[in-house]
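Heads up, the thing below is written out as structure tokens.
Basis for what follows: all heavy atoms, side chains included, without hydrogens, waters or symmetry-related copies.
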There are 2 protein chains.
Amino acid sequence: MQLRTLELFCHVADQRSFSKAAVAAGVTQSAVSQSIGHLEESLETTLIDRSKRPLTLTEAGRVYLNGVREIVRQYKELEDRVQHHGRRLSDTVTVGAVYSVGLSYMPEAKQAFEQNHPDVRIRTEFGSSQRVVEMVTSNEVDFGLVSFPRATKTLGAIPWQSEPMRLVCSSEHPFASETEIAASRLEGIDMISFEKGVVLRQAIDQCLKSAGITVSISMEFDNCDSIVRAIQANRGIGIVPEAAVRRETANGTVRVVACREIQMTRPLGIIFRKRGKLCRAAIEFGSLLLGREMEHDMLSKTEAAKADRQKGESKDRAVSVLI
Amino acid sequence: MQLRTLELFCHVADQRSFSKAAVAAGVTQSAVSQSIGHLEESLETTLIDRSKRPLTLTEAGRVYLNGVREIVRQYKELEDRVQHHGRRLSDTVTVGAVYSVGLSYMPEAKQAFEQNHPDVRIRTEFGSSQRVVEMVTSNEVDFGLVSFPRATKTLGAIPWQSEPMRLVCSSEHPFASETEIAASRLEGIDMISFEKGVVLRQAIDQCLKSAGITVSISMEFDNCDSIVRAIQANRGIGIVPEAAVRRETANGTVRVVACREIQMTRPLGIIFRKRGKLCRAAIEFGSLLLGREMEHDMLSKTEAAKADRQKGESKDRAVSVLI
DNA sequence: CCGCACTATCAGGCAATTTAATACGGTGTG
DNA sequence: CACACCGTATTAAATTGCCTGATAGTGCGG
């Protein structure tokens with residue numbers, strides 16, 4: 001059994017889609033399909049229920065996923081532990097990223113960087129926002145790409161860019177034919193959003209509130225993808241990161257509607273461990289992403305943190321980092 | 001990374017030899033060498049110190065071995081858990097065996113069986129004696145091949161065959177030129193044996209004692225292999241299973257010396273879980289090994305155990321099983 | 001220094017994996 | 001119900017990687 005196949009399976013389970021898993025893993029959809037097929041064959045079990053979209057895992061699939069995730073995580077950790085026993089520092093930069101951010105920005109960045117630094121490999125690890133924080137904390141990755149970066153005692157955060165959030169609806173929705181609508185038209189409308197725990201949800205609620213609008217949240221999900229799907233199904237409107245609907249707007253299944261009062265962005269940022277310095281290559285790559293010297297941000301933030309700690313609570317700094 | 005490669009690495013670590021690992025895994029020495037080579041390359045670390053024989057693990061190698069063993073074990077368990085979710089019973093018989101027994105008897109048995117049952121695969125898992133017991137207990141394997149089989153509350157034991165133990169010495173040893181020696185000549189001689197905890201050691205001590213001989217144990221190891229190596233180095237004589245020195249006697253580096261008073265055998269046996277019945281194929285294969293119907297032994301032992309439990313302690317039954 | 005046993009390396013063959021192209025199937029639409 | 005669209009399965013060809021068999025190199029003991 002190929003460890004890579006197990007990772008592939010994790011991607012498929014995460015994304016509930018073979019083709020998206022293929023993009024995340026950087027192979028073709030065909031390869032994913034066959035790999036998973038062989039995997040199921042060798043296990044003499046069906047792991048994925050292909051009879052409905054989005055795909056779901058079978059009972060066996062769920063059991064397997066749990067085990068495989070743990071095993072893959074454990075192996076990566078072991079690999080790291082052993083590699084650092086070796087003599088020379090790794091020439092590989094590993095970046096953790098949430099799917100939405102990683103998939104949008106990593107491919108070009110990786111390619112651009114590897115062109116200029118043929119001796120350095122860039123690896124991307126995907127995971128939930130929470131998982132990325134964990135990856136950075138436990139030093140599984142050099143740094144992480146997340147939205148709403150949050151500095152903590154051990155983690156530093158560098159604001160990167162603000163990705164616009166768009167008000168989107170299905171092409172069937174009444175709003176679809178309009179290019180701009182007044183905020184008041186949103187009053188009481190059905191909206192699909194993130195679950196209450198998700199930071200993005202809180203930001204959206206905040207934005208709506210300050211626009212003086214009350215909407216009716218009709219569905220809640222823990223990921224962009226499901227939201228987009230529900231919007232496509234015309235179950236309501238939603239506010240999502242632009243990158244998350246790039247494909248869908250291109251093929252016309254959803255529409256972006258402008259609304260002067262709803263001008264949201266979600267801040268993307270780089271998080272890193274304050275202790276334990278990054279290797280040269282990682283800093284170079286971070287600088288490429290940022291479009292400026294990463295080192296400067298790391299230092300200033302660290303100092304800011306130090307100053308903060310003396311003052312007590314660091315809440316206001318956190319805000320300043322986020323915006 | 002290929003899970004198979006990780007297993008290979010475990011074999012190499014167990015056997016402290018590429019060529020022996022190759023035999024255990026059923027591939028060529030070249031394949032092992034290359035696999036481990038690539039593994040080390042991909043880890044950018046040296047796992048095995050090739051500068052001395054027998055091979056030793058580097059620091060990184062030891063760390064890696066620990067992790068890999070756990071991961072391989074975990075994956076196998078997961079595989080099982082998921083496969084049993086599937087619809088049909090496995091057509092694979094998995095046998096756990098200590099190296100010395102498995103390597104001697106499994107290859108032919110496997111071949112013979114698969115010839116008659118082309119639809120059944122036989123898989124052999126190697127491990128220490130203790131590990132084999134664990135494999136059987138946790139249902140990782142259908143049954144186990146061990147020496148000194150020991151029935152327990154959960155495990156049944158079927159005596160199989162008695163492998164002769166041989167008194168062997170280096171070709172340089174004074175005894176090498178003699179075909180038979182008197183037991184008295186062993187008095188006070190340097191002997192290499194197993195560590196005190198090993199059952200085989202206790203059996204050997206017992207045998208020597210009843211022959212009225214006291215020897216001087218000059219070295220102790222936890223495995224046959226190291227003992228044979230020490231004997232080859234002429235550090236003393238030893239009493240080891242015939243199969244363990246087959247190669248060495250063939251190439252003349254060690255000699256088997258007959259001694260009328262030292263007539264030892266080590267009992268080999270099959271151990272199995274009393275609860276949870278074996279699949280048809282496993283029983284067929286067991287029967288092939290035993291040369292008689294396995295089912296009969298399993299039943300009678302179970303009943304014997306039941307009778308025993310009523311009487312209290314089962315020590316004397318254990319003996320009857322062993323001999 | 002030699003012989004022996006073992007490991008490394010190399011070229012060739014074969015099987016597994018990947019890709020690109022295409023067929024097939026599920027889902028929503030008119 | 002037919003159609004369009006999106007996503008998955010299938011196929012053949014190309015590629016990669018693994019294994020074998022032969023051979024060269026190395027550690028170890030004499």
> Between A:E70 and B:Y75, do the side chains contain an N or O donor and an N or O acceptor separated by less than 3.5 Å?
Replying inline: no

>> Can a side-chain donor-acceptor contact be found between B:D49 and B:T58 if the only test is distance below 3.5 angstrom?
In response: no

>> Show, in sequence, the C-alpha distance, side-chain angles and deciding distance for B:F9 and B:Y64, and conclude whether the ring-ring contact (aromatic ring centres under 6.0 Å, His included) test is met.
In response: CA-CA 9 Å; B:F9 174 69; B:Y64 194 66; 5.4 Å; yes

Tabulate protein N/O versus nucleotide N/O from nucleotides 12-18 of chain C, keeping only pairs under 3.5 Å, one per line.
{"from": "C:dT18", "atom 1": "OP2", "to": "A:S35", "atom 2": "OG", "distance (Å)": "3.3"}

>> Does D:dC6 have OP1 or OP2 under 4.0 Å away from a side-chain N or O of A:S19?
In response: no

> So with a 6.0 Å cut-off around CZ of B:R73, is the heavy-atom count from everything else above 12?
Replying inline: yes

>> Looking at B:R62, I want to see if its CZ is surrounded by more than 12 non-hydrogen atoms of other residues, nucleotides or ligands under 6.0 Å.
In response: yes

Taking only Lys NZ, Arg NE, NH1 and NH2, and the carboxylate oxygens of Asp or Glu, determine whether [X] and [Y] approach each other closer than 4.0 Å.
{"X": "A:R123", "Y": "A:E125", "result": "yes"}
{"X": "B:E178", "Y": "B:R185", "result": "yes"}
{"X": "A:R255", "Y": "A:E248", "result": "no"}

Could you give the [atom1]-to-[atom2] distance, from [X] to [N], as a whole number of Å?
{"X": "B:L39", "N": "D:dG17", "atom1": "CG", "atom2": "C1'", "value": "15 Å"}
{"X": "A:R16", "N": "D:dG7", "atom1": "CZ", "atom2": "P", "value": "15 Å"}
{"X": "B:I36", "N": "D:dG17", "atom1": "CD1", "atom2": "P", "value": "18 Å"}
{"X": "A:H173", "N": "C:dT29", "atom1": "NE2", "atom2": "P", "value": "14 Å"}
{"X": "B:Q15", "N": "C:dA5", "atom1": "CD", "atom2": "P", "value": "18 Å"}
{"X": "A:I48", "N": "D:dT8", "atom1": "CD1", "atom2": "P", "value": "9 Å"}
{"X": "A:F18", "N": "D:dG7", "atom1": "CZ", "atom2": "C1'", "value": "10 Å"}
{"X": "B:D49", "N": "C:dA8", "atom1": "CG", "atom2": "P", "value": "11 Å"}

Every protein N/O lying under 3.5 Å from an N/O of nucleotides 25-27 of chain D:
{"from": "D:dG27", "atom 1": "O3'", "to": "B:S51", "atom 2": "O", "distance (Å)": "3.4"}

>> Is it the case that the base of C:dT9 and the side chain of B:S33 share a donor-acceptor contact (distance under 3.5 Å, atom types as modelled)?
In response: no

>> Can you say whether a donor on the side chain of B:Q29 sits under 3.5 Å from an acceptor on the base of C:dA8, or the other way round?
In response: yes

>> Under the rule for ring pair (Phe, Tyr, Trp, His ring centres under 6.0 Å), what residues qualify as partners of B:H38, not counting sequence neighbours?
In response: none

>> Can you tell me how the ring of A:H11 sits relative to the ring of A:F126, calling it parallel under 30°, perpendicular over 60° and tilted otherwise?
In response: perpendicular

> Can you name the residues that form a salt bridge (Lys or Arg N to Asp or Glu O under 4.0 Å) with A:E7, not counting sequence neighbours?
Replying inline: A:K76

> For the helix from C:dC1-D:dG30 to C:dG30-D:dC1, what angle lies between the axis at the first five pairs and the axis at the last five pairs, to 10 degrees?
Replying inline: 30°

>> Run the side-chain hydrogen bond (donor to acceptor under 3.5 Å, both in side chains) test against A:R69 and tell me which residues pass, sequence neighbours left out.
In response: A:D14

> DNA chain C: A:Q232 or A:G26, which has the more 5' nearest nucleotide?
Replying inline: A:G26

